[in-house]
Amino acid sequence: MSPETSVAKIETRDLDFYYGPSRALKRVSISCHRNRVTAIIGPSGCGKSTFIRTLNRMNDVIPGTRVEGTILLDGKDIHSPDVDVVDLRRRVGMVFQKPNPFPKSVFDNIAYGLRINGMKNKRKLEAVVERSLRGAALWEEVKDRLEDNAFSLSGGQQQRLCIARALAVEPEVILFDEPCSAIDPIATAKVEDLIENLKKSYTVVIVTHNMQQAARVSDYTAFMMLGELVEFDRTEKIFTNPQNKLTEDYITGRFG
Amino acid sequence: MRKSTRKKIAQSIGFLALRAAMGLVLAVLFLFLYDIGRKGGGAISWEFLSQAPRRGMTEGGIFPAIVGTLLVTIITAVLAVPLGMSAAIYLHEYARQTRLTRLIRLSIRNLSGVPSIVYGLFGVILFVNAMRFGTSILSAGLTLGLMTLPWTITASEEALKTVPDSYREGALALGATKWQSIRTNVLPYAVPGMLTGTVLGLARAAGETAPILFTGAAFYLPYLPRSLGDQFMALPYHLYIMATQHHAIQQVRPLAYGTALVLIALVLGLNMTAVVLRYRLRRKRR
Ligand SMILES: Nc1ncnc2c1ncn2[C@@H]1O[C@H](COP(=O)(O)OP(=O)(O)OP(=O)(O)O)[C@@H](O)[C@H]1O
Ligand SMILES: [Mg+2]
């Protein structure tokens with residue numbers, strides 16, 4: 001199911017996911033394209049987080065889980081044995097629902113992903129840190145506080161720090177799992193502007209509870225319910241002329 | 001109105017009871033330290049600390065016992081610290097949480113409750129006899145190490161538990177390997193807690209008598225051990241002898257109190273080290 005004709009950057013086909021015996025995703029097929037923002041919406045517990053976490057195999061760390069179906073990144077199955085999960089996660093970055101800075105300085109937070117990949121050159125690190133912070137629209141606010149502990153930033157700044165940290169390793173896809181649910185409206189507006197900007201260079205997938213947000217930032221919207229994909233189409237189409245009764249009920253606030 | 005005053009009174013009574021309980025504990029501790037300090041303080045001198053016992057331990061010092069206890073504690077640490085921390089890392093970070101791991105964890109908790117004399121006898125069988133280390137510093141240190149191991153594992157695992165999962169996931173999501181995420185984003189925050197627990201365990205081991213009784217501690221050796229295969233004098237055992245087994249108990253009483261004072265100072269010193277260490281590492285993190 002692909003509303004765009006170009007080759008998808010990342011694509012799932014008939015994706016099933018199980019937590020032990022319970023099935024959290026049922027034959028979900030979604031394709032996400034370069035330079036586009038794809039939003040995933042749906043009622044709580046419908047499997048949005050589960051879905052987005054399968055895209056960088058973050059669910060691998062939860063014992064007793066199982067994936068069936070295919071996920072293709074640039075046409076290549078991410079579960080094939082010659083794919084290194086560490087490499088995959090570098091290419092598919094993730095920003096979590098709750099800002100999760102490490103208890104290190106602002107600088108060390110951003111440099112973390114580079115250092116674990118062996119970069120030691122101080123000048124290069126400094127350049128990447130600045131570029132990433134600018135990319136996350138945070139540079140002006142923290143350029144004099146690079147050595148401060150990241151915990152001393154405000155919640156919204158922390159979330160942008162996490163975005164900058166994800167940008168630093170130069171991923172190709174960035175996954176956002178409800179990035180604004182723990183921050184205030186002004187910080188939310190900043191993050192939304194940022195996402196708008198990021199799509200110039202990245203493939204963006206965002207889970208959100210906020211319908212307006214999906215409408216504002218995304219090009220495509222997937223509506224899920226009870227682990228199933230109900231409807232997936234251009235965002236304007238979903239919000240103005242949904243094909244499915246359930247989608248219409250949900251976006252008009254009749255349930256959820 | 002009346003209800004809230006009643007609540008306030010209840011709260012004051014509660015606080016008062018808690019304060020009293022703490023005061024009582026502190027009072028007993030200080031009384032105890034004061035008594036030993038008063039009776040043992042007189043025996044402490046440079047000679048007492050730096051010389052071997054003389055004339056059937058009625059004169060002289062406790063230098064060999066201090067050295068013996070330090071050496072044996074080092075062996076204990078060499079066994080219990082790396083092994084305990086590694087086991088905790090494995091159990092908490094790598095092992096799948098199955099019935100078997102739960103059973104292992106339960107067994108470890110239970111092992112920390114086994115009386116120390118049982119470890120002593122086990123040490124005799126395993127190290128002294130089966131492994132032929134004889135009665136020696138090595139056997140005694142390994143025995144104490146075994147005894148300390150459950151404490152180190154448990155304390156280390158508790159310390160690992162306090163590190164939020166979001167640190168681990170955050171690192172993995174940036175392309176860290178599992179070990180990288182543990183080494184750079186979990187251990188630095190767990191190590192202060194691990195060390196505190198470990199040092200407390202070592203302090204406890206340093207004060208134990210039963211495990212070294214049959215595995216290497218000597219009644220009286222007026223010289224220093226020359227190798228790890230030698231027997232040794234140890235502070236707790238020396239104290240036990242001076243307090244209960246000596247032929248002139250009344251005469252050596254001040255020496256016994258002096259020994260007790262040194263032992264307590266050593267253990268408190270170790271505990272203080274743990275506190276300072278944790279404080280310093282915590283601050284560095286900020
Ligand atoms: N670790 C887990 N173990 C077992 N079941 C889980 C686990 N995580 C999620 N689930 C279940 O899988 C289903 C989907 O959960 P998921 O977190 O993906 O929903 P969600 O759409 O992200 O919800 P929300 O909007 O509340 O974040 C839910 O029924 C949930 O209870
Ligand atoms: Mg979720």
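Naming: A, B, ... by sequence-line order, numbering from 1 per chain. Quick caveat, the model's predicted, so the values are computed rather than measured.
- One distance of note links OG1 of B:Thr184 with NZ of A:Lys104; it measures 5.5 Å at 0.5 Å rounding.
- Under the side chain to side chain contact (heavy atoms under 4.5 Å, CB included) criterion, B:Leu71 pairs with B:Val67, B:Ile137, B:Pro225, sequence neighbours left out.
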Worked verdict on A:Phe102 versus B:Asn185 for side-chain contact (heavy atoms from CB on, under 4.5 Å): CA-CA 8 Å; A:Phe102 304 144; B:Asn185 234 8; 3.1 Å; yes
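- Residues B:Tyr189 and A:Pro103 meet the side-chain proximity criterion, which asks for heavy atoms closer than 4.5 Å.
- Inspection of non-hydrogen atoms places A:Ile116 of residues 116-138 of chain A under 4.5 Å from chain B.
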Begin with the C-alpha distance, continue with both residues' side-chain angles, and end with the deciding distance and a verdict on side-chain contact (heavy atoms from CB on, under 4.5 Å) for B:Glu169 and A:Arg53. CA-CA 11 Å; B:Glu169 286 207 333; A:Arg53 287 167 57 95; 3.0 Å; yes
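- Residues of residues 165-175 of chain A that come within less than 4.5 angstrom of chain B, heavy atom to heavy atom, are A:Arg165, A:Ala166, A:Val169 in numerical order.
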Table please: side-chain donor-acceptor pairs of residues 110-117 of chain B below 3.5 Å, with sequence neighbours left out.
{"unit_1": "B:Asn110", "atom_1": "ND2", "unit_2": "B:Leu106", "atom_2": "O", "d": "3.4"}
{"unit_1": "B:Ser112", "atom_1": "OG", "unit_2": "B:Arg109", "atom_2": "O", "d": "2.6"}
{"unit_1": "B:Ser116", "atom_1": "OG", "unit_2": "B:Glu208", "atom_2": "OE1", "d": "3.1"}

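- Minimum interatomic distance between A:Tyr112 and B:Ser181 (heavy atoms only, all atoms of both residues): OH-CA, 3.9 Å.
- A:Arg90 has its side chain out of reach of B:Leu174: every pair of non-hydrogen atoms, C-beta onward, lies at least 4.5 Å apart.
- Remark: B:Phe122 CZ is loosely packed, at most 12 non-hydrogen atoms of other residues, nucleotides or ligands lying under 6.0 Å away.
- Considering every non-hydrogen atom in both B:Tyr167 and A:Pro101, the closest pair reads CE1-O, 4.1 Å.
- Around atom OH of B:Tyr94, more than 12 heavy atoms belonging to other residues, nucleotides or ligands sit under 6.0 Å away.
- The two residues A:Arg89 and B:Leu172 come nearest to each other via the heavy atoms CD-O, 3.2 Å.
- Only the side chain of A:Val61 comes within less than 4.5 Å of a heavy atom of chain B; its backbone N, CA, C and O stay farther away.
- For NZ of A:Lys98, the number of neighbouring non-hydrogen atoms (other residues, nucleotides, ligands) closer than 6.0 Å is 12 at most.
- Within a 6.0 Å radius of OH in B:Tyr90, no more than 12 heavy atoms belonging to other residues, nucleotides or ligands are found.
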